[in-house]
Amino acid sequence: MVELTALCRVRSGVCLVIGIVPVNQKLRSLPSVDRVLNAPELSGLIGQYGAQACKIAAQAELAQLREALQGGDADTEALVSAADFPEAIYAAVRRRVAAEFSASLKPVFNLSGTVVHTNLGRSALPEEAVHAMAMAADGACNLEYDLEAGHRGDRDHHLEATLCELTGAEAATVVNNNAAAVLLVLNTLAAGREVVISRGELVEIGGSFRMPEIMQSANCILREIGTTNRTHLRDYRGAINDKTALLMKVHTSNYEVRGFTNSVAGRDLSELARENGLPFVHDLGSGTLVDLVRYGLPHEPTVNEALAEGVDLVTFSGDKLLGGPQAGIIVGERELVDRVRRNPLKRALRVDKITIAALREVLNLYKDPQRLPSRLPLLADLTRSAAEILALGERLLKPVSEALGPAVEVALRECKSQIGSGALPLERLESTALQITPIASSGGKDAALQQLAGRMRELPRPVIGRIRDGSLLFDLRCLRDEERFLAQLREAM
Ligand SMILES: *Cc1c(COP(=O)(O)O)cnc(C)c1O
């Protein structure tokens with residue numbers, strides 16, 4: 001088009017091509033940024049979001065139109081020639097600004113079948129914790145201020161006594177997550193020296209947490225012993241020398257070695273550590289404060305059990321089976337916890353007031369284990385009975401089928417939920433899923449399935465399921481707000 005215009009000019013100075021408006025002229029028909037910003041139609045938008053954001057959006061929108069016109073895009077040409085053209089630009093600028101300011105973190109329905117899903121933010125927090133977080137965020141608070149004495153205090157003070165009460169530990173401190181807890185403990189107790197650990201426990205947790213690499217980051221020398229499947233007490237004993245800083249055990253939280261295996265009991269290791277004057281550290285990973293068996297769930301090692309075996313320091317996550325906010329908790333012997341606290345890295349890894357507020361509320365719920373399943377969302381999800389989930393499925397089957405229309409088939413299907421985040425990797429909980437299957441279309445079944453899953457992710461509150469055997473499965477275990485789920489399906493489909 002550009003060439004054509006130039007050609008006309010060279011020949012006669014007059015463009016004789018009728019019905020085709022030259023590109024330059026179309027570009028000229030685009031308003032200037034200032035004209036867009038001064039349009040009365042956008043004054044409300046500028047009032048709401050500010051002139052700068054609107055200017056950036058207008059510039060981006062006009063640049064995009066210019067580029068499309070230069071590329072000869074037919075839709076854009078039609079848009080620019082339409083009678084309501086400036087209004088179309090204003091609408092596009094409005095959409096751009098609104099998208100720019102919309103929340104990036106959105107609540108979703110986690111119907112993936114994994115209860116503690118790291119990519120979906122792990123645990124939902126109890127109401128009490130949500131209130132406490134808002135309160136802490138709202139203004140100044142006594143985060144590190146001793147109100148009685150009127151001088152500087154310690155942020156651990158808000159959590160330590162409760163953690164000690166619940167775990168039987170002498171002392172406790174809290175950092176950003178369990179990866180940070182492990183890093184901090186290793187760096188404090190073993191920088192430049194050797195850490196003895198069984199080869200079978202050199203775990204990798206999703207998202208690049210690998211024990212050998214953490215050791216390296218903590219400036220420790222990894223002394224791996226035994227074999228992948230079998231490690232004996234004599235292996236630990238043989239590895240101890242004058243460079244040894246500590247003995248370590250890591251809970252193999254996300255896998256299990258089965259068959260001809262041997263690992264050394266915590267009690268024996270703690271005895272060996274004591275004989276040699278070394279600290280013994282156990283990274284529990286998930287760690288729970290109550291025996292889950294009392295709620296009909298599989299057994300996961302508790303922090304109390306680890307301490308009772310004679311472990312000197314235990315590290316565990318705040319947002320795995322504990323059901324709290326992201327945090328890493330270190331409990332154990334006072335002298336060791338004090339050393340951990342004095343490490344300058346602690347300052348870099350510390351938790352903020354909002355996490356402390358939430359964690360305190362979650363820990364308080366553990367003081368009444370009997371009511372815990374009804375008060376802690378994670379435990380409520382994990383203990384939801386198969387019969388209750390089936391009943392929910394039966395209620396949803398017909399309305400969901402109606403909402404989704406004739407292009408899909410909806411059925412109920414038994415399924416198994418997993419706990420997730422590496423906790424109890426082999427255990428599965430009986431559950432029920434809505435099984436949604438596209439009726440074969442011309443584009444192919446696979447494309448239809450992907451499209452269906454994509455549409456579910458575009459809903460105002462995106463619904464995340466999993467694809468299995470040609471269907472989209474919505475595991476109903478973690479569906480709380482059944483009405484909202486249905487209402488948005490009815491509206492959007
Ligand atoms: C999950 C896990 C970690 C990391 O914990 P985050 O809280 O996710 O940082 C460390 N060690 C073990 C054994 C784990 O299972």
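Atoms within a ligand are numbered from 1 in the order they appear, just like the ligands themselves.
Between Asp338 and Arg342 no salt bridge is recorded (no basic side-chain N to carboxylate O distance below 4.0 Å). By the 4.0 Å N-to-carboxylate-O rule, Arg155 lies too far from Asp352 to be salt-bridged with it. Using a 4.0 Å cut-off between a side-chain N of Lys or Arg and a carboxylate O of Asp or Glu, Glu309 and Arg267 do not qualify as a salt bridge.
Other residues, nucleotides and ligands contribute over 12 non-hydrogen atoms within 6.0 Å of the CD atom of Glu275.
Put simply, no part of Met211 is less than 4.0 Å from ligand 1, judged by heavy atoms. Within the 4.0 Å heavy-atom cutoff, Val182 does not count among the residues contacting ligand 1.
Annotation: ring pair (Phe, Tyr, Trp, His ring centres under 6.0 Å) contacts of Tyr366 (sequence neighbours excluded): none. A search for side chain to side chain donor-acceptor pair (under 3.5 Å) contacts involving Thr383 returns nothing, not counting sequence neighbours.
When each atom of ligand 1 is checked for a heavy atom of Ser317 under 4.0 Å away, the hits are 5 (O), 6 (P), 7 (O). The distance from ligand 1 to the heavy atoms of Lys320 drops below 4.0 Å at these ligand atoms: 1 (C), 2 (C), 3 (C), 5 (O), 14 (C), 15 (O). For ligand 1, the atoms lying closer than 4.0 Å to a non-hydrogen atom of Gly285 are 12 (C), 13 (C), 14 (C), 15 (O).
Heavy atoms of Arg122 found under 4.0 angstrom from ligand 1 belong exclusively to the side chain.
Proximity annotation for atom 4 (C) of ligand 1: of Ala180, Ala179, Gly328, Ser286, Ala179 comes nearest, heavy atoms only.
In terms of N/O distances under 3.5 Å, ligand 1 is not approached by His251.
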